[in-house]
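Structure first, commentary second.
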Amino acid sequence: MRQSVPKVSVPDRPSLEGLEAKWDRRWAEQGIYRFDRTRPREQIFAIDTPPPTVSGSLHLGTVFGYVQFDSIARFWRMRGKEVFFPVGWDDNGLPTVRRVQNHYGVRCDPSLPYQPDAWIQAEPGHERPVSRRNFVELCHELTASDERVFEEVFRGVGLSVAWELVYTTISDRSRRVSQRAFLRNLARGEAYLSEAPTMWDVDIQTAVAQAEMEDRPTPGAYHRLRFHRADGGDVEIDTTRPELLAACVAVVVHPDDPRWRDLVGTEVRTPLFEVGVPVVAHPLADPDKGTGVAMICTFGDTTDVVWWRELGLPSRSIVGRDGRLQAERPDWLTTEAAAGAWAALATKTTASARRETATLLAASGELIGEPRPIEHEVRYYERGERPLEIVTSRQWYLRNGARDEQRRDALLAAGRALSWHPDFMRVRYEHWVGGLNGDWLVSRQQVFGIPFPVWFPLDEEGNVRYDQPIPADEATLPVDPQSDVPPGYTESDRARPDGFVGDPDVMDTWATSSLTPQIAGSWEDDPDLFARVFPMDLRPQGPEIIRTWLFTTVLRSQLEHGSLPWTDASINGWILDADRKKMSKSKGNVVTPEALLHEHGADGLRYWACSAAPGTDTAADPAQMRVGRRLAIKVLNASKFVLSMTGGSGEVTETLDRSMLARLRSTVTDTTAAFERYQHHQALERTEAFFWSFCDDYLELVKSRAYGRGHDQEDAATGSARAALSLALSVQLRLFAPFLPFVAEEVWSWWQEGSIHRAPWPARSELDLAGEDDLSVLEVVAEVLGVVRRAKTTEKRSLRSPVARLEVVGGPERLGAVDAARTDLVAAGSVAELVLREGPEPETLVVLGDASRA
RNA sequence: GGGCGCUUAGCUCAGUUGGUUAGAGCGCAGCCUUCACACGGCUGAGGUCGGAGGUUCGAGUCCUCUAGCGCCCA
């Protein structure tokens, strides 16, 4: 076991200042993290990284997650794998639209003409209308500058990203991949167009998918309405949505409810509008709610949709896409009273129509009592501000197993085949897949997004033939059907009878994000690359997007490739603020990564992130970052010390040295196993624990010998210490490299060639120790040294003060261990006389020297 | 209402397949300065692992019930 030491160049006062900038620049110059695409698949570790949503600032949670799996990436790279570590920016869709509106103070008005050389200044707070194309240009402009800011942060925290692989979700490549995948879904019958009731955001004016909805407690009120029976009696019905009375198509009771059995099959008349509606029975009617009778409207909530569909009821829609009651009187309102009531409600928003309806009902005597205020859960778009309405519209859907048991089972099997870290996250996937209640609605009515690559023919009367979509030719992708022309037509055919129209909708952002492996791997554009990286190894992501990003990626991969997109998924936890509250902009408790990076340094911030277990919610704790920074400084100083004692070369012969290396060897084993199980926090903890005992005990014990005091410079014992120190430092720096890449690289550069981040991961074989002697020596001697220190501290002496007599009592093993390190122990403790005595109980007795000589 | 997770020292958290006196850091207390480190070092005090019951030779670690918190889905 020989360790040859090359030239060493250690700064006088090592410091963390400036390391980030220095090494980021050198890594870029030397292409340390560049992806070598010539390597075969089995030598590649491919990561499907989450593209952060491009907005004003990078969320700390994004940095937290990225740092964690960067440590994994660095481990595998040192392990000899070529790591495919791309990064993408999600700059497509509503968040970008919103940001552009707010940043520039503009809104998109598609009716305006394009202004080619418009110079639009940022005037937040305004709402200046601009053309669609000008708006899209602003989207590109702003996201490009946001992305530069994001990249700076990512570089600042030392992510080992292959920057040549960067992609954006609005780029031509992403458009091409999204559109191609959609065309294939369409060709295989997995995508279809359907006109159906749809959850609709009335402000943003777009359809919303199940995955993007959430329930929020919202104030409402029960109104008790008087419906009229044919025999002259009344039926009382509670509703929270009286404004939908004109849309009432039936009233419903539970089939087993004895109170209303006679009513079923009869007809009742609605209040105000005097429309006859049937009384029907359905098990979803809750006898305990209100009077046990509910009105069915088209559509007040999703239960209405179920009743409407299952009972074959007619459609009487009155709410428009703008969330207002329609202007013209519905043709089923025929009486004079009905017309009068409608006139008072037309064009009102649902909220004000609700109040007006209550007034009208009170006046007609058909409102019983006062409305009773309640708070109930109401469905919203997660980015929206008003409750969702249900409107009927034509949308694209993708089959996701909700209506197909075989497909659903296949998706559940995929979830079981995937390795989850932590494992319990799998349950969230299974519940989501098991609870899907409809196919995936992928179309959105928005300005900025990836258009559907289809057109529709018009018949001789100018009607759109939605049943005969014209798909784009794959070779022409990406296309914009608003400006491009379908095969076999010319631009002059647009919007003419016997001509065509382009599909005006864009895809849901998840319809693109679900294809990140295909985008990053250049599916079809670069088949050689794709074959080398797909299926990938790891999908790291946050827990909140299991039902969206993770599920949809599995779905698309299964539809297109019939395989899982990756073998492992690692789910990181939430970031909470110091008070353990979830960080959010509205609470004003968001801490920016830039500020933390500036204050604690990259390695300090990384230490905090890597200390957290996968899947565990974690507080943004500055104290933990300070600890990390302190560790990095300690690495600098301890390394400087170690390197001051190396020189020449030697062989590790001393038992104490061998004992230290044996412990390091088991640290390497544990750390490697932890990384292989995606338990980066355990790897860090083991490495750190070894390092501190290395500094506190081994360095203290060995430094006198390593200096060569009282020996010739080339003494074998000195040579042994120096070789062991040198080897231990090399191994420890490499163990720290995934967590503290800057300080590890800095120290490495003092005495080694090349980057530590391409150096081999420490192997047990480097620490192969011949011989069978007792390797617990360090443990025993460190314990004795601890007793000596305690004695000095208790007596308030300096640790350098002399010990007159040190007596160690114990069995032969204990005494043998102490004897093996006798010289080191005596030197480290300033011991005048060391006595070993056999005895039944281990004991250590310290007699301090004369205090005056201390 | 269903599901998942968490509950370990004052605080923030580790604790792998159940196995010797339950670990770390912060904070706290005391001590030590200049020959690696004051952006420091050493030493110490402090938990019986939310509660109850069970399985076991043995449980923080498995099972049942229960309380509180968080998240997801109804």
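Lettering follows sequence order; numbering is per chain, from 1. This one's a predicted model, so the numbers in the text were calculated from it and none came from an experiment.
A:R790 and A:T794 are not linked by any side-chain donor-acceptor pair at a separation below 3.5 angstrom, with hydrogens and angles left out of the test. A:S419 and A:Y678 share no side-chain donor-acceptor pair at under 3.5 Å. Side chains of A:T669 and A:R764: a donor on one and an acceptor on the other come within 3.5 Å.
The line from CG of A:L735 to CZ of A:F690 is 9.0 Å long, rounded to the nearest 0.5 Å.
Residue A:R379 places its side chain closer to B:A74 than to any other of B:U34, B:A36, B:A74.
For A:Y707 and B:A36, the shortest distance from a side-chain N or O to OP1 or OP2 is below 4.0 Å. Within the structure, a side-chain polar atom (N or O) of A:T616 is placed less than 4.0 Å from OP1 or OP2 of B:A14.
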Check: How does protein reach along nucleotides 5-11 of chain B, written 5' to 3' as B (base within reach of a heavy atom under 4.0 Å), S (only sugar-phosphate), or - (no contact)?
Finding: S------
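The salt bridge (Lys or Arg N to Asp or Glu O under 4.0 Å) check on A:E17 picks up A:R629, with sequence neighbours excluded.
RNA chain B is contacted by A:H681, A:Q682, A:R686, A:W692 of residues 678-692 of chain A, taking any non-hydrogen atom closer than 4.0 Å. Across residues 625-635 of chain A, A:V627, A:R630, A:I633, A:K634 each have a non-hydrogen atom less than 4.0 Å from an atom of RNA chain B (numbered order).
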Checklist line | Watson-Crick and G-U pairing of RNA chain B written in dot-bracket, each distance under 3.5 angstrom, with | for inter-strand partners | finding: (((((((..((((.....[...)))).(((((.......))))).....(((((..]....)))))))))))).
Might you list the N or O atoms of the protein lying below 3.5 Å from N or O atoms in nucleotides 59-67 of chain B, with each pair's distance?
none

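Per the geometry, CE belonging to A:M213 stands 9 Å off P belonging to B:A74, to the nearest Å. One interatomic measurement links the two molecules: NZ of A:K640 to C1' of B:G40, which rounds to 13 Å at whole-angstrom precision.
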